[in-house]
Amino acid sequence: MKRKAYARAGVDIELGNRVKATLPQLLASTHRREVLGKVGGFGGLFALDVKRFKEPVLVSSVDGVGTKLKIAFAMDRHDTIGQDLVNHCVNDIAVLGAEPLFFLDYLGTGKLEPKVFSDIVRGFAKACSENNCALIGGETAQMPGFYQAGEYDVSGTIVGVVEKARMLNGQKTIRRSDIVIGIAASGLHTNGYSLARKIFFEQLKLKPKSRVPELKNTIGDELLKVHVSYGPLVQQLLAKFNVPSAPRRAGARSRQDAGGTSIRGFAHITGGGFIDNIPRVLPGNCDVVIRKGSWEMLPIFKMIEEKSGVPEAELYQVFNMGIGMVTLVANERAHDVLKFIQAHQHDAWIIGEVVAGRGESRVE
């Protein structure tokens, strides 16, 4: 049968419809009772259960995965990219104490490849299910001539909710002598890939499928390790350590008022590393000092340190250096919080402290 003019121009609507017909099965694991309607409408529907909250605050974030996509193209592996994107967005709203409600994705490509599409969406669904987040819609755009052959771009938007009284605001709660706990990353996560690709593929002349003894892995697979979601851990920490308590007697100060909440704040260590991300949650009269060598650095970061020739100070401003999230904690509860994180299957270390300053972060 003669192909339609639009298909001959590069946009196959029928193919798109057939591929999208597989979505209900892929997205079934992400369903929440608040979701109304079906995927495929003009808008996704989510009925917020306002009875759960006194003053619900919606928290949203939008992001992509940057040039990590270049590694996926080179390895022809597309099953991790969706997880990276969801987990990154979950972490961005988790630092405010928000739990995710729903996620929407955007996929733009020159030619729609059914297997690639399914792998990406399967990654979205896996991560949404793990984070109790509904995948309620998205957009797939076929744009021939806009992307190089075999390439695509993805972005995503997440919406979450937090009780206003329990929303984290480190600028009000963080104080001198608080302790910084670093929670382990799986690798580069979704930042620093432009520099990493230059180091590994141009300077060191590696190929994506080159096996690297120090890593016990190919460099491509190492760089595709999934961005860790800290969202469930954050909720568990807040439930354990930030439960407000009532005053013991009239006129008495509550434990919360007396010492502040035990978990003062979180910072997601993304683009900008320690230097640019931690100050986003600091009050203007406090600095954070991060102590080098206080955590077990992943082999890939040791390799970058030793072989890249990039000044050390810049590395800590580009990469997470093995720490994907930090939490700033009341000094007297730091070891309890540390043990709790470790008991929940995350490597973590005390990596610094809060000192008097001007709202800056430095690595020493």
Side-chain angles (χ1 to χ4, degrees), residues 63-75 77 80-81 84-85 87-88 91-92 180-228 267-282 287-326 347-349 351-352 357-364:
D63 221 314
V65 295
T67 61
K68 186 172 186 176
L69 288 173
K70 287 285 190 181
I71 312 299
F73 304 152
M75 297 293 287
R77 272 192 61 195
T80 61
I81 291 300
D84 287 324
L85 183 54
N87 290 346
H88 184 120
N91 292 341
D92 277 350
V180 181
I181 295 175
I183 310 173
S186 58
L188 275 66
H189 282 182
T190 51
N191 295 99
Y193 278 82
S194 294
L195 179 55
R197 289 186 300 112
K198 184 176 181 65
I199 292 167
F200 292 121
F201 304 137
E202 294 182 27
Q203 291 179 221
L204 302 181
K205 308 298 183 185
L206 295 173
K207 303 294 183 185
K209 296 186 179 180
S210 297
R211 188 160 189 86
V212 181
E214 300 100 303
L215 305 177
K216 299 179 181 178
N217 204 355
T218 66
I219 187 62
D221 285 331
E222 190 71 21
L223 291 173
L224 283 179
K225 285 186 173 178
V226 173
H227 192 135
V228 175
H268 188 197
I269 308 302
T270 58
F274 295 99
I275 306 305
D276 294 336
N277 284 295
I278 296 176
R280 296 164 72 177
V281 300
L282 291 180
D287 282 359
V288 157
V289 178
I290 300 295
R291 304 295 182 189
K292 287 184 292 188
S294 57
W295 67 92
E296 297 174 18
M297 190 176 290
L298 294 170
I300 194 165
F301 294 111
K302 292 180 182 178
M303 188 175 175
I304 290 172
E305 265 194 330
E306 294 168 1
K307 299 183 178 181
S308 70
V310 177
E312 185 179 64
E314 186 174 356
L315 294 180
Y316 284 86
Q317 192 172 14
V318 173
F319 300 110
N320 66 55
M321 301 306 284
I323 299 293
M325 180 78 83
V326 301
D347 290 333
W349 306 266
I351 66 168
R358 300 180 299 178
E360 300 174 351
S361 177
R362 59 184 184 271
V363 181
E364 296 181 349

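Every residue two or more places apart in sequence or in another chain that forms a side-chain hydrogen bond (donor to acceptor under 3.5 Å, both in side chains) with Asp276 is listed here: Gln317. Checked against side-chain hydrogen bond (donor to acceptor under 3.5 Å, both in side chains), Ser194 has the following partners two or more places apart in sequence or in another chain: Thr67. Looking at residues two or more places apart in sequence or on another chain, you find no side-chain hydrogen bond (donor to acceptor under 3.5 Å, both in side chains) involving Asn191. Listed by chain and number, the residues in a salt bridge (charged side-chain N to carboxylate O under 4.0 Å, His left out) with Lys209 amount to none (sequence neighbours excluded). In this view, Glu360 and Arg358 satisfy the salt bridge (charged side-chain N to carboxylate O under 4.0 Å, His left out) rule, not counting sequence neighbours. Contacts of Ser210 classified as side-chain contact (heavy atoms from CB on, under 4.5 Å), with partners at least two apart in sequence or in another chain: Leu206, Lys207. Remark: Glu364 engages Val289, Arg291, Arg362 in a side-chain contact (heavy atoms from CB on, under 4.5 Å) (not counting sequence neighbours). Scored by the side-chain contact (heavy atoms from CB on, under 4.5 Å) test, Pro208 finds Ala74, Met75, Phe201 as partners (sequence neighbours excluded). The side-chain contact (heavy atoms from CB on, under 4.5 Å) test applied to Asn217 returns Leu215, Asp221, Glu222, Lys225, not counting sequence neighbours.
Between Gly182 and Val326, the closest heavy-atom pair is CA-CG1, 4.2 Å. Closest heavy-atom contact between Ile81 and Ala72: CG1-CB, 3.9 Å. Between Ser361 and Ile290 the shortest heavy-atom distance is OG-CG1, 4.4 Å. Summarising the geometry of Ile181 relative to Ile351, their closest heavy-atom pair is C-CG1, 4.4 Å, with the distance given to 0.1 Å.
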Side chains of residues 298-308: which donor-acceptor partners sit under 3.5 Å, not counting sequence neighbours?
unit_1	atom_1	unit_2	atom_2	d
Lys307	NZ	Glu214	OE2	2.7
Ser308	OG	Ile304	O	2.6
Ser308	OG	Val310	N	3.1

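Applying the ring pair (Phe, Tyr, Trp, His ring centres under 6.0 Å) test to pairs two or more places apart or on separate chains, those with a residue in residues 204-227 are His88-His227, His189-His227, His227-His268. Legend: salt bridge (Lys or Arg N to Asp or Glu O under 4.0 Å) pairs involving residues 182-194, not counting sequence neighbours: none detected.
Residue Asn91 holds its CG atom at 10.5 Å from CG of Asp63, rounded to the nearest 0.5 Å. Distance check: Arg197 CZ to Leu223 CG gives 10.0 Å after rounding to the nearest 0.5 Å. Distance check, rounded to the nearest 0.5 Å: OH of Tyr316 to CD1 of Ile323 gives 9.5 Å. We find the CG-CG distance between Asn87 and Asp92 to be 11.0 Å, quoted to the nearest 0.5 Å. Atom CD1 of Ile219 is separated from atom CZ of Phe200 by 4.0 Å, given to the nearest 0.5 angstrom. The line from CG of Leu315 to CD1 of Ile275 is 11.0 Å long, rounded to the nearest 0.5 Å.
The backbone N or O of Thr270 sits nowhere less than 3.5 Å from a side-chain atom of Asn320 that would complete a donor-acceptor pair. Put simply, the side chain of Trp295 never gets that close to the backbone of Asp347: no donor and acceptor are under 3.5 Å apart. For the pair Tyr193 (side chain) and Lys70 (backbone), a donor-acceptor distance under 3.5 Å is absent. In this structure, the side chain of Ser186 engages the main chain of Val226 through a donor-acceptor pair within 3.5 Å.
For Arg280, the CZ atom is loosely surrounded, since the number of other residues' heavy atoms within 6.0 Å does not exceed 12.
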